[in-house]
Amino acid sequence: MNITSIFNLFSYTFMQRALIVGLLISISSSFLGIFLVLRKYSMIGDGLAHVSFATVALALLFNQSPLILSIPIVSLSSLLILKLSEENRIGGDAAIGLISSTAVAIGVMISSLSNGFSVDLYSYLFGSILIISEMDVYLSMILSLIIVCTVLYFYQDLFAMTYDMDYAKVSGRKTKRLNQIISFLTSITIVLGIRVVGTMLISSLIIFPTVSALRLSNSFKSTIIWAVIISSFSVVLGLFVSISFDLPTGSSIVLINAIIFVLSSWLSIVRKEG
Amino acid sequence: MSKLIESKDVSVHFGKMVALDKINFSIDENDYCAIVGPNGSGKTTLMRALLGLIETSSGEFVFSPNFSRNQIGYLPQKSFNHDKHFPASVYEIIMTGLNREALKKIDANKEIIELSKKLGIETLLKKRIGYLSGGQQQRVYLARALINKPKLLILDEPTSALDPAIREEFYQLIKKLHQEEKVSIILISHDLSSVSLYATHILYLDQKVVFYGLSTQLCQSEELMAQIGPQATAALCQVENHEHHIHI
């Protein structure tokens, strides 16, 4: 496949949608990633992705839109994870494990009730750009805008909380509410992302770009900017690669992120030695 | 002097373990109160309860009507974020001492520059916090605690990680804040000999209040003698008198 024919692919509606939604997810996940990764809370993305698997199975069983059903259920699960880890003295990782394994069990149970793993469910597990509808695009635009605006508005508070939770409380910040906001925004990002990279791989879009960006940047703000650049680049290149070589889109995006991580780690070592 | 806070029968239990038992003391304006006691005596727990970071099991902290928790500056025992590579500059860290309301009222940039000059860290503002020495970091966290112009500054073992020369310099800095800026101080320490040089009041804690009063009355305390024994009290007061003598 030559360059012209690859570019021609973007005249197809499904590719345009994939590109728009992919870029929106990469921006949203990069805006949130730093607050989750630096607080060692990045596995919440993985846990919520497992919950979204259950909600997709449920939506497909009742022939409903997975996006509409997933957002409230995944958001509620994120709040449940917070509540379990805050009030019942269960560690954050254990709370994520409890919720995510229960959700996967429910998802598998539901899918077995509805003739096992269908093609539809498989495409949500590992992502498929063919399932992105026009409504998904509009919803992604609105929700991504909400995520970016919310993070920008609460930036100073979120930064303070990420650096030192106790001091954020002492300085009069409502840390419980801020935690809920971050969890809710993460839920939305996860649900949006399952269209492109699937429930099994979506958490990597939160973790990889931020971890790579941390190796390249010197400040908090530049880490977010680098994460947006890395994430957007990996999504665009991943789409190209998956179309060009007929490979799964989600896997392509994640593997490109993994390569960028290796390169950025190498660059960071070279810079330190220099 | 008007009262800022009063601790009324404050108790903190962790499960069946009693960390603090009916603690009573008060902090007035311009007090310099040193909270001392052995390791595990509940000093940090008491301050965390006062700051609202942990809940009290019984009792309460009564704040005077013209004073609130938002007017407390806090310098914790440990630097909370141990990740040396955390991508934050000194400027950004000091900025976290200002909440949304405070940011609306003041020119944050001007205040940070002025305060950093006072504390001798103006050249460090763009540097990454994790790459500074222990003494420099401590000044940055002190700047964060002071940026909101607190009426009360709580310092939890602020010199434990500093070498003796920098430790003395730090105590002098706090003394200056107390005397010139009229900031009330609560200083937690296990090093009574150092803090008794500056403190107006001493609260000796060992899960319960062993002694609370003027620092000059500490050595006459029968309760302290009963708690730690006559020999330990004599040794403590000898050190204290000796230190006073040196500085006088």
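This is a predicted model, so every value here is computed, not measured. All heavy atoms count here, side chains included; hydrogens, waters and symmetry mates do not. Here is the naming used below: chain letters follow the sequence lines, and residue numbers restart at 1 for every chain.
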Geometric cation-pi criterion, B:Arg144 with A:Tyr163: 6.0 Å, 45°: no
Rounded distance [0.5 Å steps], OG in A:Ser171 versus CD in B:Glu101: 10.0 Å
Distance, nearest 0.5 Å, that separates NE2 of B:His85 from CG of A:Leu214: 10.5 Å
Heavy-atom side-chain contact between B:Met95 and A:Gln156 under 4.5 Å: yes
Contact class of A:Phe220 relative to chain B, heavy atoms under 4.5 angstrom: both
Atom pair CG (A:Asp164) and OH (B:Tyr141), whose distance is rounded to the nearest 0.5 Å: 8.0 Å
Exercise: identify the closest heavy-atom pair between B:Ile72 and A:Val170: O-CG1, 4.4 Å
Proximal component of A:Asp166, with respect to chain B [non-hydrogen, under 4.5 Å]: both
B:Glu92 versus A:Ser219, closest heavy-atom pair with distance: OE1-CB, 4.4 Å
Side-chain touch A:Lys169/B:Leu53, heavy atoms, less than 4.5 angstrom: yes
Heavy-atom closest contact (A:Tyr167 atom, B:Gly97 atom, distance): CE2-CA, 4.0 Å
Nearest heavy atoms of B:Leu98 and A:Arg173, plus distance in Å: O-NH2, 2.5 Å
Proximity breakdown for A:Thr223 and chain B, heavy-atom pairs closer than 4.5 Å: side chain
B:Pro87 side chain reached by A:Leu38 side chain, heavy atoms, under 4.5 Å: yes
Neighbour count >12 (heavy atoms, 6.0 Å) for atom CZ, B:Phe25: yes
